[in-house]
There are 2 protein chains.
Amino acid sequence: MTTGEIDGAAGRAPRLADVARIAGVSVSTASRALSRPEMVAAGTRERVAAAAERVGFRFHPSARALTTGRTGLLALCVPTLANPLYAPVVEGAQRAAEEIGNEILVVVGEGSAEREFGLFERLRDQVDGFIAVRPHGGERALADLRRGKPLVVVNRRMRGVSSVVFDTPGGLREIAERLTALGHRRVAYIGGPEGSWMDPMRRAALEWPLTEAGGTVVTLGPYPPTFESGMDAAGELLTTGSTAAVAYNSMTLLGLLHRLTVLGVRVPDDLSLACADDLTGVGLAHPDIMALHVPAQDAGELAVRELMAEIDARAAGHDARPRHRVIPVDLVGGDAAAPPPPRPAPPEEALA
Amino acid sequence: MTTGEIDGAAGRAPRLADVARIAGVSVSTASRALSRPEMVAAGTRERVAAAAERVGFRFHPSARALTTGRTGLLALCVPTLANPLYAPVVEGAQRAAEEIGNEILVVVGEGSAEREFGLFERLRDQVDGFIAVRPHGGERALADLRRGKPLVVVNRRMRGVSSVVFDTPGGLREIAERLTALGHRRVAYIGGPEGSWMDPMRRAALEWPLTEAGGTVVTLGPYPPTFESGMDAAGELLTTGSTAAVAYNSMTLLGLLHRLTVLGVRVPDDLSLACADDLTGVGLAHPDIMALHVPAQDAGELAVRELMAEIDARAAGHDARPRHRVIPVDLVGGDAAAPPPPRPAPPEEALA
DNA sequence: GCGGTTGCAGCAACCGATTGCAGCCATCGT
DNA sequence: ACGATGGCTGCAATCGGTTGCTGCAACCGC
């Protein structure tokens, strides 16, 4: 509760000099006792620690940054905060940074490479490194950026820059396998937004097990990842004669589910559904729907750890080789998944 | 494209000393020319500016912070990033901060007063001020916090601390007026999460015009603000004999709409719907549904401006008196709003 | 024409830490 | 017992700006 102004000129925050005076050592010794304990005799170290504790000493971040060249700030750039996928990434990163006494500076790239680089440029000497979530910049530009400051990319893989990606394709493959095992042969894929880097990957992941079983994937879209899109896609979907549909996104899935229900299509009896994330909790709420639980927090944490490793390595002279981490996703729900209906799904009258 | 290493010892970022040397003035003059132009003769000022431009000079943030005591960082604490209401607040704040060369440090309070204060404490001497969005801490504690650093509160009003709030109650009153004008007399309110500060306000705002017209508000809940909750609330709603329902939140409204549709209740013929925000776009997508468009970006921007005013005032000695800003909300949709059905809505058989 | 402003620029101290180097003392080897 | 070694500690320079104070010169009015 007290602000800790026990000794020293009251009102001012305690400085290292105050601690040193109280502990009866020089400022340099106090500095070392606190930040490089192994360089100081045990007794001294404890006296300094006690003094620091007593006055509630805390390093002045700017002063420290000035000499060490490290600010304790990590920039995290996300395309938007409106997409609920990124919220847990940010929170995970924050947690990880917090644990090691760093802070995350979140900035929003708004899906524009130009703005992204503008931000990086502006923050260049204010942060120790960058995390770019689903960056829109070109590979060259990002590699250049990395030359200046350590960089970790999330949700996109590229050579020469450390990355953290989800194994969503793996999850989709699993979904596809489940569906084919159940007997589905014609599966619709409700595509994601135009220009999505991941969209083709996802489609491909879905396609593999299906074609192997002699089935087909019908691609719909592109659609923006919204509830509305799901509703829009429903009509198109029913014309395809698919017995199952996989949505790019769980928000889209909700819209799809809504419109299908209105049209009298029963899930999963007439049509099986699945989606590539689990941000709205569909997977848990509807056991008949398959969803992929994406541990986005882990990605944030991992990215921070990876970034710190690069920062430390660079500070120590030896530039770290980029590493690529893949985070597995979990198939949730689908316990009540159903085989395809005896006859192709869409009851014609439902289209009225 | 070039990093701007034109003169000086290549590789190192240019310092003020480099600029001074090139411009042929002392470091102090260079400093003043750039940060307090009015203290320097026009000619000198231009020479310095030109030199700075030429070498791509930028102030070293930490060095500057060390002497001025201002870091250019503003902490913004939100309860969570998962709630889409806060995303635009953050983005608005970021925009505003960016314009004046500051950065926003976003932190997540996770709805815990304890964590909130822990964060504030940790960031105390790293930022110039705080913005607390929907803070959970007690009034006393927040007022204390303000004594230490400038503080602006968003989405909560309290004495002694500047605030920015939405006029959601005003919007709800408008909705209530529209409903009563259409002839509705029994309106259900799907309550928000337990412990919500705003929930009673919203209910009250709804109640006023209704009781004045001789009607009633039936309160349901509390419900967490999710799609699921809406689905859950549908059943309860139908037992109340209401002819209209207002949801705390648009996500809940979507769930409600979904379940109602499944149950065969037509909107708005059997039941009119409205909700207190517009984050999922319902208001635009369903012209028969009334929603409140909440300009959350504006709140973020306004909060930053207010905070900067307090920071500057405090730096100048005279402590600013707290100000309270109210941001109007817009009623969107509802163009196709309907009067109550001839007989109370819930077709008994729908409850089966 | 002279004392008194006024405007502009520079010197040097300072913000709060870190760190290379030097000095000190104790311990060790022989 | 004496020089060498090594572990601790302190001095002072440094990081990159800011700012109070001083000094200089041009300009003012009388």
Side-chain angles (χ1 to χ4, degrees), chain A residues 8-9 11-49 51-52 55-73 101 124-126 128 315-317, chain B residues 8-9 11-49 51-52 55-73 101 124-126 128 315-317:
Chain A
R12 294 258 293 82
R15 299 164 305 162
L16 199 50
D18 301 322
V19 174
R21 187 164 24 74
I22 294 178
V25 297
S26 75
V27 182
S28 18
T29 300
S31 169
R32 282 189 277 253
L34 295 175
S35 30
R36 293 164 60 167
E38 74 284 1
M39 291 188 66
V40 150
T44 316
R45 185 192 316 153
E46 279 161 24
R47 285 210 319 286
V48 173
V55 297
F57 171 78
R58 290 162 49 169
F59 285 106
H60 186 117
S62 311
R64 198 165 217 209
L66 183 55
T67 47
T68 61
R70 287 178 57 163
T71 60
L73 253 40
R124 184 163 37 105
D125 34 35
Q126 195 148 186
D128 297 339
Chain B
R12 294 258 293 86
R15 297 165 307 161
L16 197 49
D18 301 322
V19 174
R21 186 167 22 75
I22 295 178
V25 297
S26 74
V27 180
S28 19
T29 300
S31 170
R32 283 192 274 255
L34 294 176
S35 31
R36 293 164 57 169
E38 75 283 359
M39 291 187 67
V40 151
T44 316
R45 187 192 315 153
E46 279 162 24
R47 284 210 321 285
V48 173
V55 297
F57 171 78
R58 289 163 48 169
F59 285 107
H60 185 116
S62 311
R64 196 165 217 209
L66 183 56
T67 47
T68 60
R70 288 178 56 162
T71 60
L73 253 40
R124 187 165 32 109
D125 32 37
Q126 195 147 186
D128 297 339

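Note on naming: letters A, B, ... go to the chains in the order of the sequence lines (proteins, then strands), and numbering restarts at 1 for each one. Note that the structure is a prediction, hence the values are computed from the model and not measured.
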- Message: Check this one for me: any side-chain N or O of T67(B) less than 4.0 Å away from OP1 or OP2 of dT18(D)?
- Response: no
- Item | Beyond-backbone contact of L73(B) with D128(B), side-chain heavy atoms, under 4.5 angstrom | no
- Message: Of the listed nucleotides (dT9(D), dG17(D), dC8(C)), which one gets closest to any side-chain atom of A63(B)?
- Response: dG17(D)
- Message: Whole angstroms only, please: what is the CE-C1' distance between M39(A) and dG20(C)?
- Response: 10 Å
- Message: Output the rounded distance in Å from CD (E38(A)) to C1' (dT9(D)).
- Response: 15 Å
- Message: I want to check one thing: is the phosphate of dA17(C), taken as OP1 and OP2, less than 4.0 Å away from some side-chain N or O of R70(A)?
- Response: no
- S35(B) (side chain) donor-acceptor with R32(B) (main chain) under 3.5 angstrom: no
- Roughly, in whole Å, what's the span from CZ in F59(A) to P in dC15(C)? 18 Å
- Specify the separation, in whole Å, of atom CG of L16(A) and atom P of dC11(D). 14 Å
- Look at all strands and tell whether R58(B) reaches a base, only sugar-phosphate, or nothing, counting heavy atoms closer than 4.0 Å. sugar-phosphate
- Respond yes when some side-chain nitrogen or oxygen of R64(A) is under 4.0 Å from OP1 or OP2 of dT18(C), and no when none is. yes
- Presence of T29(A) side-chain N/O under 4.0 Å of dG10(D) phosphate oxygens OP1/OP2: yes
- Message: Is S31(B) close enough to dT18(D) that one of its side-chain N or O atoms is under 4.0 Å from OP1 or OP2 there?
- Response: yes
- Item | Within-4.5 Å side-chain heavy-atom neighbours: R58(B) and D125(A) | yes
- Message: Looking at R36(B), I'd like to know whether one of its side-chain N or O atoms comes within less than 4.0 Å of OP1 or OP2 on dT19(D).
- Response: yes
- To the nearest Å, give me how far apart CG (L66(A)) and P (dG17(D)) are. 9 Å
- Hey, is the main chain of Q126(A) close enough, under 3.5 Å, to the side chain of T71(A) for a donor-acceptor pair? yes
- Distance in angstrom units between L34(B) CG and dG16(D) P, rounded: 16 Å
- F57(A) versus L16(A): any side-chain heavy-atom pair under 4.5 Å? yes
- Message: Whether the side chain of S28(A) and the base of dC11(D) hold a donor-acceptor pair under 3.5 Å is what I'd like checked.
- Response: yes
- Quick one: the side chain of R32(B) and the base of dG10(C), do they pair up donor-acceptor inside 3.5 Å? yes
- Item | Sugar-phosphate, base or nothing in reach of S35(B), heavy atoms under 4.0 Å | sugar-phosphate
- Atom pair distance, as rounded to whole Å: CZ in R15(A) and C1' in dG16(C): 8 Å
- Distance, rounded to the nearest Å, where H60(A) contributes NE2 and dG16(D) contributes P: 16 Å
